[in-house]
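Following: one structure in structure tokens, then a few remarks.
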Amino acid sequence: MLTLHVAAASPGNAVLVDGATIAAVGPYEELAAARPEARVRRWPGILTPGLLNPYGPELLEGAYHPDPREADELGTDPITGERARALFRADPSRQGASARRGVQRMLAHGTVAVAGELRGRAALDAVRRAGLAVGHRPPTLPGPASFSPRPLVLLPGLTAGAPASFAVFDVPDRAALVRLGAGTCVATVLGGRLVHRRA
């Protein structure tokens, strides 16, 4: 099935998706005229190649992401340091569920690729099952581990024939994305699948 993704602030950068692959990238009007049978998904903001989060080990293995049912006891923010290690020691089965919730948070921040050496099976499985690409970690990290690291690491431009993985942010331009951060993500697509959509 063909799907044409277009964002309001970047109509010249629409993406036509065929299954798991990008069929074409270009102005919305041209792609819509060439493939009128395509289903159209309209988004606010800008469509981008998505982000690389260089903090895979820190966010997926070194942090515990509480289950919503634990919010009263543990809160909702990631738990790091010795407290996270103690939670994993007390119940090693928490690692898998925590890594899956961590991946979901990454997807909600427009992450389509993760970097850093993941050593544990739980994190590796969570990344693989989600369909996140694994990239190279920059030689110097920008700052503390975050779902919206500063500076953001945008991936290279989208091209026909490449995997259909990208993210949409509700901002008017890239400068605003850099200023406001990855929390502005409204949609993330991995391998042609819509894996995150802001309600």
Side-chain angles (χ1 to χ4, degrees), residues 5-15 17 22 25-26 28 41-63 65 76-80 98-118 123-124 126-159 162-199:
H5 293 264
V6 60
S10 60
N13 191 37
V15 177
V17 174
I22 294 175
V25 179
Y28 167 73
R41 282 199 182 268
R42 296 181 185 277
W43 305 104
I46 62 171
L47 192 149
T48 75
L51 303 176
L52 167 75
N53 191 307
Y55 296 107
E58 292 83 356
L59 294 173
L60 300 179
E61 295 179 326
H65 302 277
T76 58
D77 292 332
I79 297 168
T80 59
S98 174
R100 288 189 296 276
R101 288 189 294 270
V103 163
Q104 288 302 313
R105 287 183 173 190
M106 285 183 166
L107 298 175
H109 286 81
T111 298
V112 299
V114 65
E117 186 179 356
L118 296 171
L124 288 166
V127 165
R128 181 182 51 77
R129 286 181 180 148
L132 285 166
V134 177
H136 294 287
R137 197 169 197 168
T140 56
L141 294 176
S146 171
F147 291 107
S148 185
R150 304 264 182 183
L152 296 174
V153 182
L154 276 168
L155 292 171
L158 300 168
T159 58
S165 296
F166 51 88
V168 183
F169 298 89
D170 191 6
V171 293
D173 53 39
R174 285 191 180 205
L177 172 57
V178 169
R179 190 176 67 255
L180 298 172
T184 58
C185 181
V186 293
T188 304
V189 174
L190 291 178
R193 296 175 298 120
L194 183 62
V195 293
H196 165 72
R197 179 178 188 166
R198 187 193 298 167

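For the numbers below, each heavy atom of this structure counts, side chains included, while hydrogens, waters and symmetry mates do not.
Put simply, NE2 on His196 and OG1 on Thr111 are 10.5 Å apart, with the number rounded to the nearest 0.5 Å. For the atom pair NE2 of His109 and CG of Leu51, the computed distance is 10.0 Å after rounding to the nearest 0.5 Å. Here CZ of Phe147 is found 4.0 Å from NE2 of His65. Values are rounded to the nearest 0.5 Å. Here the CG atom belonging to Leu52 is positioned 5.5 Å from the CG atom belonging to Leu155, to the nearest 0.5 angstrom. Distance CD1/Ile46 to CG/Asp170: 10.0 Å, rounded to 0.5 Å.
The side-chain heavy atoms of Arg101 and Pro78, taken from C-beta on, include no pair separated by under 4.5 Å. Residues Val189 and Val195 have side chains not in contact (no heavy-atom distance under 4.5 Å, counting atoms from C-beta outward). Under the 4.5 Å side-chain criterion, counting only non-hydrogen atoms from C-beta, Arg174 is not in contact with Phe169. A heavy-atom distance below 4.5 Å is found between the side chains of Asn13 and Val25. Within the 4.5 Å cutoff, the side chain of Val15 has heavy atoms near those of the Phe166 side chain. The shortest distance between side-chain heavy atoms of Thr48 and Val168 does not fall below 4.5 Å.
Of all non-hydrogen atoms in Trp43 and Val186, the two that sit nearest each other are CZ3-O, 4.3 Å. In plain terms, the two heavy atoms of Glu61 and Glu117 that are nearest each other are OE1-O, 4.1 Å. The minimum heavy-atom distance between Val114 and Gly56, with the atom names listed, is CG2-CA, 3.4 Å. Heavy-atom minimum distance, Ala126 versus Val103: CB-CG2, 3.8 Å. Ala63 approaches Thr80 most closely through the heavy-atom pair CB-CG2, 3.9 Å. Annotation for Pro149 and Tyr55: closest pair CB-CE1, 3.7 Å, computed over non-hydrogen atoms.
Residues passing the salt bridge (Lys or Arg N to Asp or Glu O under 4.0 Å) test with Arg128, sequence neighbours excluded: Asp125.
Each side chain to side chain donor-acceptor pair (under 3.5 Å) pair with one or both residues in residues 130-159, not counting sequence neighbours, appears once here: Glu58-Arg137.
Ser10 places a side-chain N or O within 3.5 Å of a backbone atom of Leu47 that can act as its donor or acceptor partner. A donor-acceptor pair under 3.5 Å links the side-chain atoms of Ser165 to the main chain of Gly191, judged by distance alone. A donor-acceptor pair under 3.5 Å links the side-chain atoms of Arg198 to the main chain of Cys185, judged by distance alone.
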Before you tell me yes or no, could you show the steps for Leu107 and Leu190 under side chain to side chain contact (heavy atoms under 4.5 Å, CB included), namely the whole-Å CA-CA distance, both residues' side-chain angles and the distance that decides it to 0.1 Å? CA-CA 9 Å; Leu107 298 175; Leu190 291 178; 3.5 Å; yes
Hey, mind stepping through Val17 and His5 against side chain to side chain contact (heavy atoms under 4.5 Å, CB included) and telling me if it holds? CA-CA 8 Å; Val17 174; His5 293 264; 3.8 Å; yes
Trace of the side chain to side chain contact (heavy atoms under 4.5 Å, CB included) decision for Arg41 with Val6: CA-CA 6 Å; Arg41 282 199 182 268; Val6 60; over 6 Å; no
